[in-house]
*Asks:* 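Below is one structure. I have some questions about it.
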Amino acid sequence: MHSRVTRGGWTGSRDAFDIDAARAASGMTRDEAAAFCASRGGRLPSEDEWIVAASSSVSPSRRYPWGDTGAVCRRAAWGLSTGPCALAGDGPDTVGAHPDGNSPLGIHDLAGNVAEWVAPQAGRPEVGIAKGGSWKSALAADLRIWARLELRPSSRDPRVGMRCAYPP
């Protein structure tokens, strides 16, 4: 249902030093992310779809995509800039490098690495929402399923990337 986009797959603007094509793509606006997904037959997921994918439709909902146990470095790429998982990290990790953090559905990187743009909410298109926390998140709370990052849809934030949703 969902596919994380790597730097190698992203055709938008790139940093001159961006040579690791397996890392998560980031730094695109919400409209660029939506256009990229549409060009490949997909779309940005709604916030509700993202939450269902992250919680694996389990009731009651879990804290993190992998369950209720704590956020540790082997489960997600987070705290890479100022700790606890590294120091002076300058960008996302390799996509899928933390399989202990996969959801029960096998979806990787729903917490950490890059927060993911979701489709605009009805009646609030001026608010950009990204889900999942990022490599720069210093607090485990940012990785929780219900957490969200609100920013301008035109932002090119290095913490934010995309995941495309495709029809079954």
*Asks:* Using the disulfide bond (SG atoms under 2.5 Å apart) rule, collect all pairs that involve residues 80-148, keeping only residues at least two apart or in two chains.
*Replies:*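 Qualifying pairs: Cys73-Cys85.
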*Asks:* Check whether any side-chain N or O of Ser134 sits under 3.5 Å from a backbone N or O of Val114 as a donor-acceptor pair, and report yes or no.
*Replies:*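 Checking the backbone N and O of Val114 against the side chain of Ser134, no donor-acceptor pair under 3.5 Å is found.
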*Asks:* Of all residues at least two apart in sequence or in a different chain, which pass the salt bridge (Lys or Arg N to Asp or Glu O under 4.0 Å) check with Asp100?
*Replies:*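 Scan of Asp100 (salt bridge (Lys or Arg N to Asp or Glu O under 4.0 Å), adjacent residues dropped) gives Arg74.
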*Asks:* Please list, chain by chain and in numerical order, all residues satisfying side chain to side chain contact (heavy atoms under 4.5 Å, CB included) with Ser103, sequence neighbours excluded.
*Replies:*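 Side chain to side chain contact (heavy atoms under 4.5 Å, CB included) list for Ser103, sorted by chain: Ser56, Pro65, Leu105, Ile107, Leu110.
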*Asks:* Linking directly or through intermediates, with side-chain heavy atoms under 4.5 Å: list the remaining ILVMFWY members grouped with Leu139, chain and number order.
*Replies:*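 Taking Ile, Leu, Val, Met, Phe, Trp and Tyr as members, Leu139 stands alone, with no cluster partners.
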*Asks:* Can you tell me if Asp68 uses its side chain to pair, donor with acceptor, with the backbone of Arg63 under 3.5 Å?
*Replies:*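 Between the backbone of Arg63 and the side chain of Asp68 there is a qualifying donor-acceptor contact (under 3.5 Å).
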*Asks:* Look only at the side chain of Lys131 and the backbone of Ala147, and say whether a donor-acceptor pair between them is shorter than 3.5 Å.
*Replies:*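 Such a contact is found between Lys131 side chain and Ala147 backbone.
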*Asks:* Applying ring pair (Phe, Tyr, Trp, His ring centres under 6.0 Å), name anything that partners Trp66, two or more places apart in sequence or on another chain.
*Replies:*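 So Trp66 forms a ring pair (Phe, Tyr, Trp, His ring centres under 6.0 Å) with Tyr64.
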*Asks:* Mind checking what makes side-chain hydrogen bond (donor to acceptor under 3.5 Å, both in side chains) contact with Arg75, not counting sequence neighbours?
*Replies:*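 With sequence neighbours excluded, Arg75 shows a side-chain hydrogen bond (donor to acceptor under 3.5 Å, both in side chains) to Thr69, given in chain and number order.
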*Asks:* Only counting residues at least two apart or in another chain, list the ones meeting side chain to side chain contact (heavy atoms under 4.5 Å, CB included) with Ala119.
*Replies:*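 Counting only residues at least two positions away or on another chain, Ala119 forms a side chain to side chain contact (heavy atoms under 4.5 Å, CB included) with Leu44.
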*Asks:* Applying side-chain hydrogen bond (donor to acceptor under 3.5 Å, both in side chains), can you list everything that pairs with Arg148, at least two apart in sequence or on another chain?
*Replies:*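 Partners of Arg148 under the side-chain hydrogen bond (donor to acceptor under 3.5 Å, both in side chains) test: Glu47, Glu150.
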*Asks:* Restricting to pairs with a member in residues 109-157, which pass ring pair (Phe, Tyr, Trp, His ring centres under 6.0 Å), not counting sequence neighbours?
*Replies:*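 Passing the test, one end in residues 109-157: no pairs.
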*Asks:* Identify, with sequence neighbours excluded, every residue that meets salt bridge (Lys or Arg N to Asp or Glu O under 4.0 Å) alongside Asp142.
*Replies:*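 Not a single residue meets the salt bridge (Lys or Arg N to Asp or Glu O under 4.0 Å) criterion with Asp142.
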*Asks:* I'd like to know if the side chain of Arg30 reaches the main chain of Val127, judged simply by a donor and an acceptor atom lying under 3.5 Å from each other, with no hydrogens or angles considered.
*Replies:*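 At least one qualifying donor-acceptor pair exists.
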*Asks:* For Arg43, check side-chain hydrogen bond (donor to acceptor under 3.5 Å, both in side chains) against everything at least two apart and list the hits.
*Replies:*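 Here the qualifying residues are Glu49.
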*Asks:* Applying side-chain hydrogen bond (donor to acceptor under 3.5 Å, both in side chains), can you list everything that pairs with Asp31, at least two apart in sequence or on another chain?
*Replies:*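 For Asp31, no residue satisfies side-chain hydrogen bond (donor to acceptor under 3.5 Å, both in side chains) once neighbours in sequence are set aside.
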